[in-house]
Amino acid sequence: MPDVSFYLLASGSAQERYVFACKLIEKAYRNGTACYVLTDHAEQSQLLDNLLWTFRAGSFVPHQIYDGQAPEFGNVTLIGHRQAPDAWRGTLLNLSTHCPENFQTIGRILEILDDEATKAAGRQRYRQYQQAGIEIATHKL
């Protein structure tokens, strides 16, 4: 069963949510954890891909958009709207509006909620995780 953490941001800004996501991705990379970022669609994946280059001066997180092909290197953050490949099921950052497929096989799931739309979708995912018997940690920021 995965460890699930919900991060509740005080701001309702999508930009702040994405910057916070970049910070979580950077932390996973520094800890040597392969991370997959699940998005709703290709445009959202591209937005995050661009932001990872610029969110903080001096930061470098190797990343690429997942197109169905595994990258050449192992410690690369993958960003995509498809199911995470097996080697990237250690940590999944869910920026999508739905539960990850086969979420029981993922080691750690991170969820970020801020405005009412993300909170409403997040409540549904919270219930799905809870019904699966998963303990959930909530962090108010």
Side-chain angles (χ1 to χ4, degrees), residues 1-130 132-141:
M1 290 298 211
D3 291 329
V4 177
S5 295
F6 278 80
Y7 295 90
L8 305 175
L9 303 182
S11 167
S13 162
Q15 178 69 17
E16 288 185 33
R17 178 174 9 130
Y18 288 122
V19 168
F20 184 71
C22 288
K23 291 176 183 178
L24 290 177
I25 294 165
E26 180 181 46
K27 184 176 181 180
Y29 170 70
R30 288 181 184 225
N31 287 334
T33 303
C35 181
Y36 187 80
V37 183
L38 180 63
T39 62
D40 278 323
H41 45 75
E43 294 80 16
Q44 187 182 24
S45 298
Q46 189 62 58
L47 185 147
L48 191 63
D49 177 69
N50 293 340
L51 188 58
L52 275 167
W53 291 111
T54 61
F55 85 96
R56 191 169 60 81
S59 175
F60 176 72
V61 177
H63 64 281
Q64 71 182 58
I65 293 179
Y66 180 56
D67 61 3
Q69 300 296 319
E72 293 180 32
F73 305 103
N75 195 11
V76 174
T77 297
L78 293 181
I79 306 163
H81 57 279
R82 299 178 170 151
Q83 182 174 332
D86 290 341
W88 276 263
R89 291 184 165 270
T91 298
L92 184 138
L93 174 55
N94 189 12
L95 295 178
S96 75
T97 55
H98 59 279
C99 267
E101 292 181 37
N102 302 319
F103 63 82
Q104 297 90 340
T105 65
I106 298 168
R108 184 159 192 222
I109 300 172
L110 308 173
E111 301 267 0
I112 303 172
L113 308 178
D114 56 359
D115 62 14
E116 282 308 312
T118 62
K119 286 179 183 176
R123 286 184 195 105
Q124 180 62 32
R125 293 190 306 275
Y126 188 98
R127 282 190 287 277
Q128 287 179 273
Y129 297 140
Q130 204 172 39
I134 297 170
E135 289 189 34
I136 303 166
T138 302
H139 309 280
K140 292 183 180 181
L141 306 173

Stepwise side chain to side chain donor-acceptor pair (under 3.5 Å) test for S96 and N94: CA-CA 5 Å; S96 75; N94 189 12; 2.5 Å; yes

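- Remark: the Q44 side chain and the Y18 side chain contain an N/O donor-acceptor pair separated by less than 3.5 Å.
- Atoms CZ and CD1, from R82 and I65 in turn, are 11.0 Å apart once rounded to the nearest 0.5 Å.
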Before giving the answer on side chain to side chain contact (heavy atoms under 4.5 Å, CB included), spell out for Y7 and L113 the whole-Å C-alpha distance, their side-chain angles and the decisive distance to 0.1 Å. CA-CA 6 Å; Y7 295 90; L113 308 178; over 6 Å; no

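- Using modelled atom types, one finds no donor on one side chain facing an acceptor on the other under 3.5 Å when comparing R127 with Q130.
- Between P62 and N75, every side-chain heavy-atom pair lies at or beyond the 4.5 Å cut-off.
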Evaluate the side chain to side chain donor-acceptor pair (under 3.5 Å) criterion for residues T105 and R89: first the C-alpha distance (whole Å), next the side-chain angles of each, then the deciding distance (0.1 Å), finally the verdict. CA-CA 7 Å; T105 65; R89 291 184 165 270; 2.9 Å; yes

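- Residues E26 and T77 have side chains not in contact (no heavy-atom distance under 4.5 Å, counting atoms from C-beta outward).
- For the atom pair I109 CD1 and L92 CG, the distance stands at 6.0 Å (nearest 0.5 Å).
- Without hydrogens or angle criteria, Q46 side chain to A42 main chain gives no donor-acceptor distance under 3.5 Å.
- The closest side-chain heavy-atom distance from L95 to V37 is below 4.5 Å.
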Before you tell me yes or no, could you show the steps for I112 and L9 under side chain to side chain contact (heavy atoms under 4.5 Å, CB included), namely the whole-Å CA-CA distance, both residues' side-chain angles and the distance that decides it to 0.1 Å? CA-CA 7 Å; I112 303 172; L9 303 182; 3.7 Å; yes

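- To the nearest 0.5 Å, atom CG of residue L38 and atom CG of residue L78 are 12.0 Å apart.
- The CG atom of L110 sits 7.0 Å away from the SG atom of C35 when rounded to the nearest 0.5 Å.
- By the 4.5 Å heavy-atom criterion applied to side chains, F6 and R123 are not counted as neighbours.
- No donor-acceptor distance shorter than 3.5 angstrom exists from the side chain of N31 to the backbone of T33, with no hydrogens or angles considered.
- Of the N and O atoms on the side chains of T118 and D115, at least one donor lies less than 3.5 Å from an acceptor on the other residue.
- Ion pairing between a basic and an acidic side chain is recognised when a charged N comes within 4.0 Å of a carboxylate O; D114 and R17 show such pairing.
- Between atom CZ of residue R56 and atom NZ of residue K23 there is a gap of 8.5 Å, rounded to the nearest 0.5 Å.
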Walk me through whether V61 and V76 qualify under side chain to side chain contact (heavy atoms under 4.5 Å, CB included). CA-CA 8 Å; V61 177; V76 174; over 6 Å; no

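- Of all the heavy atoms in Q15 and L51, the pair that sits closest is NE2-CD1, 3.9 Å.
- Taken from CG in N50 to OG in S45, the straight-line distance is 11.0 Å, to the nearest 0.5 Å.
- Contact of the P2 side chain with the R108 side chain is not registered, since no non-hydrogen atoms from C-beta on lie closer than 4.5 Å.
- Taking the side chain as every heavy atom from C-beta outward, I134 and Q128 never approach each other to under 4.5 Å.
- A donor and an acceptor atom, one from each side chain of E111 and Y126, are nowhere located under 3.5 Å apart.
- Two residues are said to be in side-chain contact when any heavy atoms from C-beta on lie closer than 4.5 Å; Y36 and P100 fail this criterion.
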Begin from the C-alpha positions of F20 and L141 and carry the test side chain to side chain contact (heavy atoms under 4.5 Å, CB included) through to its verdict. CA-CA 10 Å; F20 184 71; L141 306 173; 3.3 Å; yes

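- Each of W53, Y29, F55, W88 was compared with H63 under the ring-ring contact (aromatic ring centres under 6.0 Å, His included) criterion, and only W53 meets it.
- Heavy atoms only, all atoms of each residue included: G90 and I106 are closest at O-CG2, 4.4 Å.
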